[in-house]
Amino acid sequence: MTDPTPDPTRAAAAWLADFAAALARQDVDAALALFEPESYWRDLVAFTWNIRTQEGPEAIRAMLEARLADTQPSSFAIEGEATEADGVVDAWFVFETRVARGRGHLRLRNGRCWTLLTTMTELKGFEEKTGERRAKGAEHGVHPGRKSWLEQRQEEEQALGRTVQPEVVIIGGGQGGIALGARLRRLGVPTIVVERNARAGDSWRRRYKSLCLHDPVWYDHLPYLPFPNDWPVFSPKDKIGDWLEMYTRVMELNYWSSTTAKKARFDEEKQQWEVTVEREGEEIVLRPRQLVFALGVSGYPNVPQIAGAENFEGEQHHSSQHPGPEAYQGKKCVVLGSNNSAHDICAALWEHGADVTMVQRSSTHIAPSDSLMELALGGLYSEQAVKNGIDHHKADLIFASVPYKIMHGFQIPVYEEMKRRDADLYSRLEKAGFMLDFGTDGSGLFMKYLRRGSGYYIDVGASELVANGSIKLRSGVDIERVNARSVTLSDGSELPADLLVYATGYGSMNGWLADLISPEIADQVGKCWGLGSDTPKDPGPWEGELRNMWKPTQVPNLWIHGGNLHQSRHYSQFLALQLKARMEGLATPVYELAPSHHRR
């Protein structure tokens, strides 16, 4: 009889069986023989209690020698059928460790491993109460003094933070804090989410009127509760705000709105934090064991200190405070900056009859939205991807399976094609004087996002306004001085101005720690975000993962959570599992805690 098993599946199964057998005998040499000389093992918590990529056989050896005996991996099995393209076999698998279950992804070249991903999916004995484990809800029979669901929720809300202390406090109730709060709720980890705004979603509602997500809906689902299948591809900010508010209620989060975190300190003797918050005029001290900062993808707004700004007679504000374009019809508006917010604000002002000039200080990557959706995201996050069997859960893991060290190589062809496809737009932008780039190595938008979190615009219309001169442009200059009703540029020229918008970005996330805890703690944690790629705004040395994100930091019991909606959804799973394991007293020996190379 002919073996019906596809060759890629047979090859992957054979490799996995050899790998499992080597690990079971703790034969590190045999395991390493299965890897290519250029190979990568990315682990999300399962083996390392960390988020780490082992780059090369010697790094893999060191990790296995340190962690194999304790991890006790077993029960490896191919999941579904493997595929092969361009000589690379792709396969999914499941596995277990002593304390957890996991899922992984494997790429083989010439029969040996090129990339390996291992992820923790659940802790044994502490699984989410889903499916057959779900709560019954109703309590049938006769029970004098029984309490309804509402009464139980009200009692929990009244006790938590007062007579009962939370295990975790999350400072920041935007998309990141909400996603992590939902994960922890499902795992039974008592958590309070602290948010200074009056309502969940206000951090979106309060942004400029024209703001919409530039990422597509398939990329932006929250954990457990996807958007309805008629949700718009690009979500308006107020619609996202309402969804987040609904989500906090449906997911039963202990969400403290109108609450400001004032100060935090760690009590070494009690091994817990003291977090002082002000809630509706009352000062409360919370005492969690774990403290998470979930204040976005960046820190405080960067507002440049420009000579004469105090004497400006018009309006000036950072883009985060921009109210919208309505009041500026017929006004002279100058926007300093040339990335996403700058383009959006300029376009909205132009639509409302303002005279707008963009001041571009340095080059910017432009990615037309249609091309980006098709070329960069379509294979993983699109309606077609869903039809092909790739939902956002699978897409997240495929994306995570590409080590950052080689990710730029996957990205460069995408942006080479974008250059070709959108050559006319790029040519007209350059003729208008706009300074373009595709990243230092041509790897485009997403690598810029990972390396520095800035330097790009997803073009949803404003680039055409720049190209045709509707939005005026001054490039290669900065604002040297602010006058009463104008600005003087670094080339000596002058622009009249009634409105000055600083679309100048944000600082590092650990800037929040300096004020809420101490500058010393902020510097001990170090800079957040970036890979250490030694490219502009991402200084080396190479770190291999995003600095301090979703993993243990140099300050015990202190965590950083953030990123876009996709990252908040995906990585909240791994942060929640780390926090749950610590609550339950499991041993969580962190392999190779990342050092802090940079301060704020």
Side-chain angles (χ1 to χ4, degrees), residues 8 40 42 44 51 53 79-86 88-93 103-107 114-119 121 175 179 213-229 231-235 297 365 367-418 421 439 443-451 456 458 460 545-546 549-550 563-574:
Y40 306 87
R42 188 172 193 226
L44 305 183
I51 295 178
T53 300
E79 185 179 47
E81 292 188 353
T83 60
E84 183 173 3
D86 300 323
V88 177
V89 172
D90 280 80
W92 296 95
F93 62 91
R103 193 179 186 202
H105 182 269
L106 167 69
R107 289 187 183 91
W114 176 30
T115 72
L116 182 66
L117 172 72
T118 49
T119 73
T121 57
Q175 63 204 35
L213 284 178
H214 291 172
D215 300 321
V217 62
W218 307 278
Y219 188 77
D220 292 329
H221 296 297
L222 293 179
Y224 312 119
L225 196 59
F227 294 115
N229 59 11
W231 196 265
V233 174
F234 301 108
S235 304
V297 73
H365 171 58
S369 178
D370 288 348
S371 295
L372 187 71
M373 296 308 110
E374 181 180 343
L375 299 174
L377 292 173
L380 296 182
Y381 300 99
S382 66
E383 202 63 41
Q384 187 58 50
V386 173
K387 290 177 181 176
N388 293 340
I390 301 176
D391 62 7
H392 61 282
H393 302 293
K394 190 169 187 178
D396 289 348
L397 289 173
I398 293 172
F399 211 92
S401 73
V402 180
Y404 290 128
K405 185 76 169 180
I406 59 173
M407 184 175 283
H408 67 283
F410 285 66
Q411 298 290 312
I412 289 170
V414 170
Y415 293 95
E416 288 294 332
E417 174 60 19
M418 193 177 292
R421 180 178 297 197
S443 59
L445 186 147
F446 197 69
M447 293 311 299
K448 270 201 160 190
Y449 171 70
L450 292 169
R451 290 166 174 170
Y456 53 85
I458 300 175
V460 293
E545 293 287 345
L546 285 170
M549 299 304 299
W550 317 296
N564 58 27
L565 278 158
H566 151 251
Q567 291 168 308
S568 293
R569 171 188 70 245
H570 180 57
Y571 288 99
S572 60
Q573 171 185 343
F574 305 107

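All heavy atoms count here, side chains included; hydrogens, waters and symmetry mates do not.
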So, taking the atom named CD in Q573 and the one named OG1 in T121, what distance separates them when rounded to the nearest 0.5 Å? 7.0 Å

Ignoring hydrogens, what is the shortest heavy-atom contact between V217 and P232? Give both atom names and the distance. CB-O, 3.5 Å

How would you list, by chain and number, every residue that makes a side-chain contact (heavy atoms from CB on, under 4.5 Å) with K394, sequence neighbours excluded? W92, I390, D391, I398

At what distance, to the nearest 0.5 angstrom, does NE2 of H365 lie from OH of Y449? 14.5 Å

CG of N388 to CG of L380, rounded to nearest 0.5 Å, is 10.5 Å

Check for a donor-acceptor pair, side chain of H221 on one end and backbone N or O of F227 on the other, with a separation under 3.5 Å. yes

How many angstroms lie between CD in E374 and CZ in R421, if you round to the nearest 0.5 Å? 4.0 Å

Please name the pair of heavy atoms, one in A82 and one in A91, separated by the smallest distance, quoted to 0.1 Å. CB-CB, 3.8 Å

Grab the two heavy atoms, one from E383 and one from W218, that are nearest each other, plus how far apart they are. OE1-NE1, 2.9 Å

Taking only residues two or more places apart in sequence or in another chain, which ones pass side-chain contact (heavy atoms from CB on, under 4.5 Å) with V88? D90, R107, R109, W114

For V89 and P8, which heavy atoms make the closest approach, and how far apart are they? CG1-O, 3.7 Å

List the atom pairs, with distances to 0.1 Å, where a side-chain N or O of residues 404-416 and a protein N or O form a donor-acceptor pair under 3.5 Å, not counting sequence neighbours.
from	atom 1	to	atom 2	distance (Å)
H408	ND1	K405	O	3.4
Y415	OH	L445	N	3.4

Hey, which of L372, V233, D220 is the one that makes side chain to side chain contact (heavy atoms under 4.5 Å, CB included) with D215? D220

Output yes when a side-chain donor or acceptor of R569 lies under 3.5 Å from a complementary backbone atom of Y219, and no otherwise. yes

With V460 via side-chain contact (heavy atoms from CB on, under 4.5 Å) - residues at least two apart: H214, D344, S369, Y457

For the ring pair F446 and F399, is the centre-to-centre distance below 6.0 Å? yes

CG (L546) and CZ (R451) are apart, to the nearest 0.5 Å, by 11.5 Å

Restricting to side-chain contact (heavy atoms from CB on, under 4.5 Å), what partner residues turn up for A400, sequence neighbours left out? R42, L44, L117, H570, Y571

Rounded distance (nearest 0.5 Å) linking atom CH2 of W550 with atom OG of S568: 8.0 Å

Take atom CG in D370; do more than 12 heavy atoms of anything else shown fall under 6.0 Å from it? no

Ignoring hydrogens and geometry, is there a side-chain-to-backbone donor-acceptor pair from Q175 to G563 under 3.5 Å? yes

Using salt bridge (charged side-chain N to carboxylate O under 4.0 Å, His left out) as the criterion, list what pairs up with E79, not counting sequence neighbours. R103

